[in-house]
Amino acid sequence: MQRQFTLDKIRNIGIVAHIDAGKTTTTERILFYTGRTYKIGEVHEGTAIMDWMPQEQERGITITSACTTCFWQDCRINIIDTPGHVDFTIEVERSLKVLDGAVVLFDGVNGVEPQSETVWRQADRYGVPRICFVNKMDRPGSSVSETVKHIHDRLGANAAAVQIPYGIEDNLKGMVDIIEDKLYLYDDQTGKGYSAVDVPEELKIAVKEAQGKLIEHLAEADEEIMRYYVENKYPAKDIIKKAIRRQVINNAFVPVFCGASFKNKGVQPLLDAVCAYLPAPSDRVNIKGIDPATDQYEERLVSDDAPFCGFSFKVASDPYVGKLNFVRVYSGMLKAGTYIYNSSKRERERVTKIVLMHANKQEIVDSVATGDICALVGLKDTKTGDTLCDEKDQIVLEAMHFPEPVISQAVEPKTKSDQEKMGMALRKLMDEDPSLKVKYNHETGQTIMSGMGQLHLDIIIDRMQREFNVLAMVGQPQVAYKETLTKKIISTGKFVQQSGGRGQYGHCVLEMQPHETPGAGVTFEDKLKGGVIPREYIPAVRNGVMASAKSGILAGYPVTDVAVTLIDGSYHDVDSSELSFQMAGSIAFSDGMRQASSILLEPIMDMEVIVPEEFMGTIIGDLNSRRAKIVSLGQRANARIIRCTVPLAEIFNYATIIRSMTQGRASYSMEPSFYHEVPSHIAQKITERGTAVQRFGV
């Protein structure tokens, strides 16, 4: 295959931000200016190309990440537009896993918002280099300098502005590039025509000041710039640009651009920055993984000549071709009609067709190469997070991090004919969305859906009806509680049965204690000495512990944050079996939970409320009544910001409540933060309901 673009001219980027910062609006402008589309799509009109789902067009939000390709200067840019709503954070997670760089958008008025922090931490986890774009500079109260200060204070990033706006609010005319020392003025409403002119006299002091801050922050990361800084010299613009690119790739510096996407200002310089500063696939380190045959660490060269290696980061259902597996190609080349190996599942798969995606439209291609993002048709067993490779040169890449569900809901088919269809629909939706969990509760006979929030579950129900023609009834949302212990104990489990002939004998002693790492789940460690239990029975003890941990002793909720250590036991030469030790492990764990003063845990949300000054007292009083803990109070433009942590159980339907209290003028955003002990009087009510409580697993 002849490459159209060399590896160093490819950019795989994501557009990430808090909800309503302008991600899709910016992406639509990028597609228009690069000639990918002939007309600008608008989110509020439901005409945005990247928001193609009916649910996205109706609600004016992004729900699923959409891929597209465009061309700027001499670069090919593969873009993934991601959701901003916390309920769909899995879409951001899996996009960042496979991207080489990201453009992080900030609202010029609100600065760093809660979901901005979440996506920043996700990018940190995968080591994704970033550039920033301060959007909505045409709005009253917008400020680049305040946003840069927020980036320093809240995100701990070494950032500096490389552009400053010319004009404020409705009078925004353009922006000054402080490296080029040029003012970009926009000539028409579409933003296609713009000219570079000399910086006007009244802006020269502000530009000098911004240049000084840029060199100061860049010098912190780059030795070459530090020499200029120490000698009090100003480097040439080429030296500054090379230093910015070096340190962006090293994740040591973040340049900040500005504009107003909705008013068609600032998008072309942002595209220039994507090509100039964000890394190509060849700039990233070699791919790291494990050889499944030897369990040894292995690196794979980022090259077309290396054996094929790809990562399936998303699964989608297409009404015409069936299942689409979105794949990032890390090394080698792949042709349609060939076989590849799923090293995660140890299965051979045949690629019947390869397509490049433009939102929900497909372009069939014969082959793909290193650095490409494509969708494969024909894979039967491959799911999100699986590694695809050459069967002769196998490698397994690091798996993805999936967030824990925090809310659950019972769902039932309306008619008998819907029953079978519902099971099939939920299986397909779970394949697409790893943050959706579905479980059948045998005690209540209900199907339980667990997800990231109320909106997440609402969208799933809506999709079941529209895409799969399944009519379903849903119960009230329920909180996904968990159970844990509060002290260290030693617990013994013994399973002995004699009923004529061969009996059953299993005996184990467990040490159980609270886990040092919150969110670690239940861990099992073997510290047996002297072969008191044969090695082949130890996995059975572990299985018994894990099975028992799925349902706690207080109200049947899953157990978490418990460190279990197998320290002793005994066996019988004839009567011992895997089943007997599995039962012994289960008994020991359940008894240990009873001895260790188990407690209930509930999900706590990190919440930010933006409220006009006159309603602040009312909102704080209401939050206090909901067991909220106020973390900080701040001011943003002419509104007050309340940052707090609050139990999820207390804020169902809070959107309606806050609107009625503030005449619709307040807004809020929240995201899961941590689990914390339920107060005793509330825990008692939950426990007293006993088997009547709906038990929701996560």
Side-chain angles (χ1 to χ4, degrees), residues 1-13 65 67-69 76-80 94-95 97-100 280-282 284 286-293 298-316 318 320-358 361-400 431:
M1 182 188 83
Q2 185 63 42
R3 262 193 180 280
Q4 191 179 357
F5 287 83
T6 56
L7 206 52
D8 63 320
K9 296 299 180 185
I10 294 176
R11 302 289 182 270
N12 291 314
I13 67 162
S65 53
C67 305
T68 190
T69 301
R76 169 182 173 165
I77 306 174
N78 299 319
I79 301 174
I80 300 183
R94 57 181 166 196
S95 300
K97 167 76 177 168
V98 298
L99 292 171
D100 298 319
S282 53
R284 305 298 304 277
N286 290 336
I287 309 310
K288 299 176 178 63
I290 300 290
D291 184 335
E298 187 177 311
E299 280 196 4
R300 186 64 55 88
L301 200 65
V302 180
S303 164
D304 290 346
D305 300 324
F308 171 74
C309 171
F311 187 82
S312 172
F313 66 95
K314 177 174 172 164
V315 176
D318 185 275
Y320 303 108
V321 300
K323 195 165 81 165
L324 285 169
N325 284 84
F326 287 72
V327 171
R328 161 71 195 263
V329 182
Y330 283 113
S331 66
M333 303 169 84
L334 178 65
K335 289 185 178 179
T338 58
Y339 282 92
I340 52 175
Y341 189 72
N342 181 333
S343 54
S344 305
K345 296 276 193 310
R346 306 201 174 211
E347 297 274 352
R348 282 184 94 203
E349 295 268 35
R350 186 169 185 270
V351 180
T352 56
K353 193 160 65 170
I354 303 173
V355 296
L356 300 181
M357 300 300 295
H358 177 48
K361 294 181 174 61
Q362 301 165 12
E363 176 193 336
I364 299 173
V365 293
D366 294 330
S367 58
V368 284
T370 306
D372 287 341
I373 292 175
C374 63
L376 305 183
V377 180
L379 308 188
K380 290 185 169 54
D381 299 315
T382 302
K383 291 193 165 46
T384 301
D386 287 355
T387 303
L388 300 166
C389 61
D390 191 320
E391 193 168 0
K392 293 175 185 172
D393 289 280
Q394 294 180 24
I395 187 171
V396 179
L397 304 180
E398 182 193 0
M400 285 174 64
D431 277 350

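Only this structure's heavy atoms are used, side chains among them; waters, hydrogens and symmetry mates stay out.
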- prompt: How far apart are the C-alpha atoms of Tyr339 and Val351, what are their side-chain angles, what is the distance that settles it, and do they pass the side-chain contact (heavy atoms from CB on, under 4.5 Å) test?
  reply: CA-CA 6 Å; Tyr339 282 92; Val351 180; over 6 Å; no

field: Gap separating the OG atom of Ser331 from the CD1 atom of Ile287, nearest 0.5 angstrom
entry: 7.0 Å

statement: Rounded to the nearest 0.5 Å, the SG atom of Cys374 sits from the CE atom of Met357 at a distance of 10.5 Å

- prompt: Taking side chain as C-beta onward, heavy atoms only, is Pro292 less than 4.5 Å from Arg346?
  reply: yes

query: So Lys345 and Asp386, side-chain contact (heavy atoms from CB on, under 4.5 Å) or not? Walk me through it.
result: CA-CA 7 Å; Lys345 296 276 193 310; Asp386 287 355; 2.9 Å; yes

message: To the closest 0.5 Å, what do you measure between CZ (Arg328) and SG (Cys309)?
response: 10.0 Å

- prompt: Once you round to the nearest 0.5 Å, how far does OH of Tyr330 lie from CG of Asp372?
  reply: 13.0 Å

query: Any idea which heavy atoms bring Leu324 and Ala375 closest together, and the distance?
result: CD2-CB, 4.0 Å

- prompt: Between Pro281 and Asn12, what is the shortest heavy-atom contact and its length?
  reply: CG-ND2, 3.9 Å

message: Within the 3.5 Å criterion, strictly below it, is a donor on Asp8 or Ser282 matched to an acceptor on the partner's side chain?
response: no

query: Does a salt bridge link Glu391 with Arg348, judged by any charged N lying under 4.0 Å from a carboxylate O?
result: yes

message: So which atom in Ile395 and which in Thr387 form the shortest heavy-atom distance, rounded to 0.1 Å?
response: O-CG2, 3.2 Å

message: Would Leu388 and Leu379 count as a side-chain contact (heavy atoms from CB on, under 4.5 Å) here? Give the steps.
response: CA-CA 10 Å; Leu388 300 166; Leu379 308 188; 3.9 Å; yes

task: Decide yes or no for Ile77 and Thr69: does some side-chain heavy atom of the first lie under 4.5 Å from some side-chain heavy atom of the second?
output: no

- prompt: What is the minimum heavy-atom distance between Ser312 and Asn325, and which atoms define it?
  reply: OG-ND2, 3.3 Å

task: Kindly check if the number of other-residue, nucleotide or ligand heavy atoms within 6.0 Å of NZ (Lys380) is above 12?
output: no

query: Is any NZ, NE, NH1 or NH2 atom of the basic residue among Asp100 and Arg11 found under 4.0 Å from an Asp or Glu carboxylate oxygen of the other?
result: no

message: Could you walk me through whether Asp393 and Arg300 satisfy the side-chain contact (heavy atoms from CB on, under 4.5 Å) test, starting with their C-alpha distance in whole Å, then the side-chain angles of each, then the deciding distance to 0.1 Å, before giving a yes or no?
response: CA-CA 10 Å; Asp393 289 280; Arg300 186 64 55 88; 3.9 Å; yes

field: Between CD1 on residue Ile354 and CD1 on residue Ile364, distance to nearest 0.5 Å
entry: 11.0 Å

task: Determine whether the side chains of Thr382 and Glu349 contain a donor N or O and an acceptor N or O closer than 3.5 Å.
output: yes

task: Give the C-alpha distance, both sets of side-chain angles, the deciding distance and a yes or no for salt bridge (charged side-chain N to carboxylate O under 4.0 Å, His left out) between Lys323 and Asp431.
output: CA-CA 10 Å; Lys323 195 165 81 165; Asp431 277 350; 5.1 Å; no

field: Check: Thr370/Asp304 side-chain N/O donor and acceptor closer than 3.5 Å
entry: yes

query: Can Lys361 and Glu363 be counted as an ion pair, charged N to O under 4.0 angstrom?
result: no

task: Considering non-hydrogen atoms only, spot the tightest contact between Phe313 and Thr384 and give its length.
output: O-CG2, 3.5 Å

- line: dist Ile373:CD1 -> Phe326:CZ (nearest 0.5 Å) comes out at 10.5 Å

query: Do you know the tightest heavy-atom contact between Thr352 and Ala336?
result: O-CB, 4.3 Å

message: Quick one, Met333 and Phe308 - any side-chain contact, counting heavy atoms below 4.5 Å?
response: no

- prompt: Heavy-atom distance under 4.5 Å between the side chains of Ile10 and Asn78, does that happen here?
  reply: yes

